[in-house]
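Structure, as structure tokens:
Both counts, for ligands and for their atoms, begin at 1 and track the order of listing.
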Amino acid sequence: MRTVSEQDKSSALSVQTRRFVMKCGGSTLAALPDSFYGQLQQLQAEGTMPVIVHGGGPAISSMLDKLGIESEFIGGLRKTDEAVLDVVEMVLAGQINKQIVRRLNGIGAASIGLSGTDGGLIQARPVANAAEVGYVGDVTQVDAGLIEGVMALQYMPVIAPIGLDNNGQRYNINADTAAGAVAAYLGVEQLLVITDVPGIMKTEQGVKAVLPVVTTSEIEEMIANGEIYGGMIPKVRAAMQCMEGGVKEVVIADGAEPNVLRRIMAGEAIGTRIV
Ligand SMILES: Nc1ncnc2c1ncn2[C@@H]1O[C@H](COP(=O)(O)OP(=O)(O)O)[C@@H](O)[C@H]1O
Ligand SMILES: CC(=O)N[C@@H](CCC(=O)OP(=O)(O)O)C(=O)O
């Protein structure tokens, strides 16, 4: 039987202690420059393991359009029946997941794509308003051990946000929600939400600017008064939920900012930090 050497133990420990979850939105993915993927590759090479959870909302909408399948968003969630689910799974777990993995591996990173349904990675149940939105899920459990196993093999996990319940029913999960759950179950300190805006914006005295730091009570106020709307709502809700689950900090930032990941990790005032 193979015994665990000191070197194995210390490399397992370094993987365990130096890691973060990054969510990348569908609005950003296609536009991200090679240098962004290069940052991920470099972090991995230095022993800091990113765990990626990705979206792909715009690509799903465009495929649904091509196929002539109607879909709508209700409160930021895509109304999902079985026909829409097929397209969601095809686009997220097939097209987008594989594109990211190919791009990472193409520049020398080692990454493996997983759907949330692989190995029962993401367990889900219907959201509270399932009668309205259909097969949309909330996460009930994430198999952190599976992600740890992939990381122990030195592969960067790239996860598509689809879940399964105990009966084998698939669910479409908002990617921000899935990323928050993955971060909480993995016990990471930081969730980075990479999107197409420089952070949470607030208008004060007629000037719109990024909030460098925002508290959860300020967020509730901004949702109530409409300053946070649309796609920003699931981000901040996921942020607040994963912070309740032990994640220390969530940073929302623009993927187009040069060297954004390393700058966030260095504590630079970039994007919005939710504390
Ligand atoms: N207060 C806010 N500050 C910044 N962006 C906001 C705010 N409220 C709503 N938004 C919207 O949220 C969008 C980001 O969400 P979304 O388009 O779903 O991104 P992603 O595809 O990265 O998940 C922004 O493009 C912006 O239109
Ligand atoms: C339930 C629900 O709305 N799921 C999303 C999943 C993809 C996603 O969240 O992608 P972004 O991060 O690009 O928005 C959808 O069907 O669009």
Self-check item: G55 to ligand 1, any heavy atom closer than 4.0 Å
Solution: no

Quiz item: Considering only the protein, which heavy-atom contact is closest to atom 13 (O) of ligand 2, and what is its distance?
Solution: G26 N, 2.7 Å

Self-check item: Nearest non-hydrogen protein atom, atom 4 (N) of ligand 2
Solution: N172 OD1, 2.9 Å

Proximal atoms of ligand 2 relative to [X] (non-hydrogen, under 4.0 Å):
X    : result
N174 : 1 (C), 4 (N), 9 (O)
G55  : 8 (C), 10 (O), 11 (P), 12 (O), 13 (O)
A175 : 8 (C), 9 (O), 12 (O)

Please work out, at 4.0 Å between heavy atoms, whether the side chain, the backbone, both, or neither of [X] comes within that distance of ligand 1.
X    : value
K208 : neither
V197 : side chain
V193 : neither

Quiz item: What do you reckon, does I228 have a nitrogen or oxygen under 3.5 Å from a nitrogen or oxygen of ligand 1?
Solution: no

Practice problem: Could you say whether the N/O atoms of K235 and ligand 1 ever approach to under 3.5 Å? | Solution: yes

Quiz prompt | Candidate with minimal heavy-atom separation from atom 15 (C) of ligand 2, of K79, R78, H54, K23 | solution = R78

Exercise. Say whether I173 and ligand 2 are in contact under the criterion: heavy-atom distance to a ligand atom below 4.0 Å.
Key: yes

Quiz item: With a 4.0 Å cut-off on heavy atoms, is G56 touching ligand 2?
Solution: yes

Quiz item: In this structure, are over 12 heavy atoms from other groups packed under 6.0 Å from E70 atom CD?
Solution: no

